[in-house]
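Worksheet: one structure, shown below.
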Amino acid sequence: QTDVALRSLLAGAGLDFDALARVLVRAERKLPMEPEDLALLHRSIGALQVLIPTEVRPEIGRSLVEAERRVLLATADA
C-alpha cells in the first residue's frame, strides 16, 4: 500500500513514476533519449521546480535552471 500511496503522491505532483523509471533505465544504459523522454524530463523538472520556495533558498532554484540547461545542451549534442 505504501507503493500505491507514493505513486498517487507523485501523480498528484504531476510526475509519472513508471515513465520516469523507464527514462532513468535508458539513461543508466546510456541509450539515446527519445523526444518523448526529453519532454517528460522537462515536465518533471517543471513540476518539481514549482515546489521549491526560491525566496527561502534561491540557490536551489538556480541550480535546477542550470540542470535543465545542461539537459538541453546534452540533447543538442545527441
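Hydrogens, waters and symmetry mates are skipped; everything else that's a heavy atom, side chains included, is used.
Taking all atoms of both residues into account, the shortest heavy-atom contact from A47 to G14 is CB-O, 4.2 Å. Here the closest heavy-atom approach between residue S44 and residue L20 is recorded as OG-CD2, 3.4 Å.
L40 places none of its side-chain heavy atoms less than 4.5 Å from the side chain of E36.
Although no hydrogens or angles enter the test, the distance criterion places no donor-acceptor pair under 3.5 Å between the side chain of S8 and the main chain of V4.
The pair D16-R43 does not meet the salt-bridge criterion, since no charged nitrogen lies less than 4.0 angstrom from a carboxylate oxygen. Salt bridge D3/R7: present, at least one basic N to carboxylate O contact under 4.0 Å.
Residue L24 is not grouped with residue L31 when hydrophobic side chains (ILVMFWY) are merged at heavy-atom distances under 4.5 angstrom, including chains of intermediate members. By the rule that hydrophobic residues join a cluster once side-chain heavy atoms approach within less than 4.5 Å of another member, L9 and L15 end up as members of separate clusters. Clustering ILVMFWY residues whenever any of their side-chain heavy atoms sit less than 4.5 angstrom apart, transitively, puts L48 in the very cluster that holds L41.
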